[in-house]
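In this chain, residues are counted from 1 in sequence order.
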Amino acid sequence: MKQYVVDAFTDKVFAGNPAAVCVMDKWLDDELMMKITVENNLSETAFCVKEGKNYHLRWFTPGGEIDLCGHATLATAYVILRFVEPGLNEVHFYTLSGELIVTKNGELLEMVFPAYELKPVEVTEQIRDVIGAKPVAAFMGRDLLCVLDDEAAVRACTPDMAKVMQLDGLLLHVTARGKDFDCVSRSFAPKCNVPEDPVCGSGHCHIIPYWANALGKNELVAYQASRRGGVLYTRLEGDRVILAGKAALFSEAEIHID
């Protein structure tokens, strides 16, 4: 079986967020897909099968299947549009989060994702202890979003992963207004066996709605300030978040699973 590894939200390898992509003729059983995911040991491995004109897409972390993943969707679209069906300009995916569409826009691949509804939550002593700084605000969607007062605090954040596991929400995101970008952020996902997600697309379905409202603008350029780093070109349209980015191919391989 063919597998690609693609660095998403970057135009060069060794940056952005790597995802493994398997475009298959038919589904493997879930146990085997989990074994492949654990073997890859990346934050996500994407599996997709063509159904009619479109594709059914699933995402797995080393900790299990998840309902939404931005960078692995971008990586899968990159593989399909470059290698599988290079004549296409758009690809439709059926997923646990509904239909997702990825479209070529010049050098960018644009994805339309659902925006998470953010509910304000109390900034507790537990949250302050985990982050090592006092957020100015906190919100809950699928994940916990904590807003810090400056970019330096985001970059310096070194949360204890065991303590992150005790917080509500699937992931923890910390964000602040940026100096060179509209906003900066970092994403931590120990519940998915991923200590830090290098560039988290689904996280920006929390981050962008917050900053679009805070800054009074719907188009934002976001930077994920992980060690690898990545840039997302975004806009908010009602209850949808458009995430756009570039991608770079790292490898092509054959998986032997007989």
Is [X] reaching over with its side chain to a backbone N or O of [Y], donor-acceptor style, under 3.5 angstrom?
| X | Y | result |
| --- | --- | --- |
| Glu151 | Val184 | no |
| Thr61 | Cys192 | yes |
| Asp182 | Val221 | yes |
| Ser185 | Val174 | no |
| Gln224 | Cys200 | yes |

Going by the rule salt bridge (Lys or Arg N to Asp or Glu O under 4.0 Å), which residues pair with Asp197 if we only count those two or more places apart in sequence or in a different chain?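 Counting only residues at least two positions away or on another chain, Asp197 forms no salt bridge (Lys or Arg N to Asp or Glu O under 4.0 Å).
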Atom CZ of Arg142: over 12 foreign heavy atoms under 6.0 Å: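 Yes, the 6.0 Å shell around CZ holds more than 12 heavy atoms from other groups.
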Among all residues two or more places apart in sequence or in another chain, which pass the side-chain hydrogen bond (donor to acceptor under 3.5 Å, both in side chains) test with [X]?
| X | result |
| --- | --- |
| Glu110 | Asn105, Arg235 |
| Tyr210 | none |
| Thr45 | Asn40 |

Salt bridge or not for Glu39 and Lys35, using N-O below 4.0 Å?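 No, no charged N to carboxylate O under 4.0 Å.
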One thing to verify: whether Arg227 and Glu196 come together as a salt bridge, which I'm taking to mean a side-chain N less than 4.0 angstrom from a carboxylate O.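 Looking at Arg227 together with Glu196, the answer is no, because their closest N to O distance does not fall below 4.0 Å.
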Membership question, hydrophobic clusters at under 4.5 Å side-chain separation (ILVMFWY): are Leu81 and Phe113 in the same one?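 Yes, same cluster.
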Hydrophobic cluster identity match, Leu108 and Val199, side-chain contacts under 4.5 Å: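 No.
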Can you tell if the side chain of Leu220 reaches within under 4.5 Å of the side chain of Ile207, non-hydrogen atoms only?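 No; the side chains remain at least 4.5 Å from each other.
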Parallel, tilted or perpendicular, judged at 30° and 60°: which one describes the rings of His206 and His173?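 Ring orientation, 0 to 90° scale: tilted.
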Could you tell me how the ring of Phe60 sits relative to the ring of Phe47: parallel (under 30°), tilted (30 to 60°) or perpendicular (over 60°)?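 Perpendicular.
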Measuring from [X]:[atom1] to [Y]:[atom2], what's the distance to the nearest 0.5 Å?
| X | Y | atom1 | atom2 | answer |
| --- | --- | --- | --- | --- |
| Ile257 | Ile36 | CD1 | CD1 | 5.0 Å |
| Asp7 | Lys246 | CG | NZ | 14.5 Å |
| Arg186 | Ile131 | CZ | CD1 | 11.0 Å |

Listing, residues 20-28 side-chain donor-acceptor contacts under 3.5 Å, not counting sequence neighbours, or none:
none

Cut-off 3.5 Å, no hydrogens considered: what does the side-chain donor-acceptor table look like for residues 157-164, sequence neighbours left out?
residue, atom, partner, partner atom, Å
Asp160, OD1, Ala162, N, 2.9
Asp160, OD1, Lys163, N, 3.3
Lys163, NZ, Asp129, OD2, 3.0

